[in-house]
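First up is the structure itself, then whatever we jot down about it.
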Amino acid sequence: MTQRFYVTTPIYYVNGAPHIGHAYTSVAADVLARFKRLDGYEVFFLTGTDEHGQKVEKAAAAAGLAPQDFADRVAADFRAMADRMGISYDRFIRTTEPAHKHSTTVLWEKLAAAGHIYLGHYEGWYAVRDEAFYDEEELATKPDGTRVAPTGAPVEWVREPSYFFRLSAFQEPLLKLYETHPDFIAPSSRRNEVISFVRGGLHDLSVSRTSFRWGIPVPGDPAHVMYVWLDALNNYLTGVGFPDTSDPRFAFWPADLHVVGKDIIRFHAVYWPAFLMAAGIAVPKRVTSNGWWVVEGEKMSKSLGNVIEPGALVDAFGLDAVRYFLMREKPFGADGSISHAAIISRINVELANDLGNLAQRSLSLIARNCAGILPDRAAPTEADRALLDAAAGLAEEMRAAIDRQSFHDALEAVWRVIRAANAYIDHQAPWALKRTDPARMAAVLRVLVDVLRVAATLLQPFMPDSAGRMLDQLGVPAGARDSAALATPLAAGIALPAPQGVFPRYVEAEA
Ligand code: ME8
């Protein structure tokens, strides 16, 4: 039976244009989805947009548009961003879809029927920017006396009737979940943060608002709209067909992995499993969170004018180079800095030089010295064996790294093999063997093709287009590009296409 894998991105707020931070989380989830498909899994990959709530309502008003019209416009920008970044989603969900409103209404009814929702009065701090409630003790005071959330977001005092979710009843069940499923939250620094937050005690959560209208009405009490996070988190259930549990997509539930940013781990690792437990629905298997990108060391912000638009980066450097950079430059859970110099260095050193040149050198020798015909394997020497063994272990090593969302380790593993292959070609010097030992020359070139094939196959999730073009040049048939196909050697004697560089050097335009 094929195994299933359900992976999600956050659904992005439609209050503003997509930037590189959104693109990053989506690329990470995409690499996961593609790697699992490469490994033969049946994958369901969900992304989309979070369209209700006060933040979106305010942004729409500022743009002079009705919330739905505004949401339609910005949601289209997010979908275009996903397409531009090569995100291989199976469904792009929007929380204003009728299917999602219905699904969320049913979830609410389940929570209410189980006795976990009651009517009360909320009085406290709210940050619209974060769409989050904060306790007095969490706030900081700015020099001018205004109070701000720990995220720096301004807060306002809210006092209104509200429905509450009995979050306090889930402190013990949540702690038990973290204890019995140590991989539920990653990385471990975030796990510790969540555990100490929950140990500190949970208040019941305000889950409806009456002071604005842009949300899903509370069933039976339309003066209230549902709290946007209850609505938003439920996208993961709607995405696979909830409440119709006989929908074939529902077989993907529980989600294998929610990929999110570190800013929203609390919503995903505390509120979401609590809602699900309360509704009697299985909880997701893992929530993994990425660190923050800053730009040349500075926080990205509209006021600094340094917000990086993903499309502009792709125009400048090409999609695969950008995807590679994002996955390679920093550990997933850590913060990191983007700069053009850093991108150019990754392109020129690792893509153009280490990998591109290796392929180009090997394939041009086959074109020139073997009439473009793929040589057969020969009995391996010790040096051949060492390199082939390193390549043979790569899939397993990458798989383990990807399962930990350690994308940079997965890529480093590939580059260890590529660097070893560069040392091998320099040492074996096949160009010098043409006259002295043509059979050995052919054997060496075949080893290089075999190693390049492994690397290109396993790089497809990161750089789908370039890795695909490299596989074309290596003569790998379209139906033999998944990880299982690596067990079958390429047939010798086939004619390879004329080699063409896949990873050009980036040459800075003269100012
Ligand atoms: O929070 N570096 O949506 P959002 C890395 N709608 N990642 C970044 C980033 C940066 N500088 N900036 C943003 C929401 N991100 C909710 C989610 S899910 C049920 C609802 C990424 O539009 C990161 O993944 O504010 C972060 O969690 C997400 O964008 C927030 O997107």
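Note that the structure is a prediction, hence the values are computed from the model and not measured. Read the numbers this way: they start at 1 and go in the same order the structure lists the ligands and their atoms.
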Going by atom types alone, do Asn192 and Tyr178 pair a side-chain donor with an acceptor below 3.5 Å?
no
min-distance protein heavy atom vs atom 17 (C) of ligand 1 -> Ile11 O, 3.1 Å
Using only heavy-atom distances, determine whether the side chains of Ser162 and Glu160 contain a donor-acceptor pair under 3.5 Å.
no
Part of Val259 within contact of ligand 1 (heavy atoms, under 4.0 Å)
neither
Is there a heavy atom of Gly16 sitting under 4.0 angstrom from any atom of ligand 1?
no
Is a side-chain donor-acceptor pair under 3.5 Å present for Thr151 with Arg129?
no
Give the single entry among Ala29, Gly21, Ala23 that approaches atom 15 (N) of ligand 1 most closely by any heavy atom.
Gly21
Closer than 4.0 Å to some heavy atom of Ala232 - which atoms of ligand 1 meet that?
19 (C)
Heavy-atom contact under 4.0 Å between His19 and ligand 1?
yes
Test your reading of the structure: does Tyr236 have an N or O sitting under 3.5 Å from an N or O of ligand 1?
no
Is it true that a side-chain atom of Arg323 and a backbone atom of Met463 form a donor plus acceptor pair closer than 3.5 Å?
no
In this structure, does ligand 1 have an atom that sits under 4.0 Å from one of the heavy atoms of Trp229?
yes
Side chains of Thr104 and His100: do they bring a donor and an acceptor to under 3.5 Å?
yes
For atom 11 (N) of ligand 1, find the nearest protein heavy atom and state the residue, atom name and distance (0.1 Å precision).
Trp293 O, 3.2 Å
Of the protein's non-hydrogen atoms, which lies at the shortest distance from atom 24 (O) of ligand 1, and what is that distance?
Thr25 OG1, 2.6 Å
Which atoms of ligand 1 have any heavy atom of Asn290 under 4.0 Å away?
5 (C), 7 (N), 24 (O)
Identify, for atom 29 (O) of ligand 1, the protein heavy atom at the shortest distance, and state residue, atom and that distance.
His22 CD2, 3.4 Å
A student checking ligand 1 against Ile264 at a 4.0 Å heavy-atom cut-off should list atoms 1 (O), 17 (C), 27 (O)
Which one holds for Asp263 and ligand 1: side chain close, backbone close, both close, or neither close, with close meaning a heavy atom under 4.0 Å?
side chain
Looking at Tyr6, is its backbone amide N or carbonyl O close enough to the side chain of Asp256 to form a donor-acceptor pair, meaning the two atoms are under 3.5 Å apart?
yes
So among Val322, Leu313, Leu326, which one has a side chain to side chain contact (heavy atoms under 4.5 Å, CB included) with Ile343?
Leu313
Lys NZ or Arg CZ of Arg209 over Tyr126 ring: under 6.0 Å, within 45°
yes
For atom 31 (O) of ligand 1, what is the closest protein heavy atom, and at what distance to 0.1 Å?
Tyr12 CD2, 3.5 Å
Output yes when the distance from some N or O of ligand 1 to some N or O of Asp50 is under 3.5 Å, and no in every other case.
yes
Report yes or no: does His268 have a heavy atom closer than 4.0 Å to ligand 1?
yes
Asp403 vs Lys36, test: salt bridge (Lys or Arg N to Asp or Glu O under 4.0 Å). Steps then yes/no.
CA-CA 10 Å; Asp403 282 340; Lys36 290 293 170 187; 2.8 Å; yes
Among protein heavy atoms, which lies nearest atom 22 (O) of ligand 1, and at what distance?
Tyr13 N, 3.0 Å
Which of the atoms in ligand 1, numbered in the order shown and given with their element, are less than 4.0 Å from a heavy-atom of Gly261?
23 (C), 24 (O), 26 (C), 27 (O)
May I ask you to check if ligand 1 and Val260 share an N or O to N or O distance below 3.5 Å?
no
Heavy-atom distances under 4.0 Å decide this one: backbone, side chain, both or neither, for Met300 against ligand 1?
side chain
Take the angle between the ring planes of Phe332 and Phe407 and call it parallel below 30°, perpendicular above 60°, tilted in between.
perpendicular
List the steps and the verdict of ring pair (Phe, Tyr, Trp, His ring centres under 6.0 Å) for Trp272 and Phe184.
CA-CA 12 Å; Trp272 181 225; Phe184 179 67; over 10 Å; no
Quick check: does any side chain N or O of Arg505 sit under 3.5 Å from a backbone N or O of Ala352, one acting as donor and the other as acceptor?
no
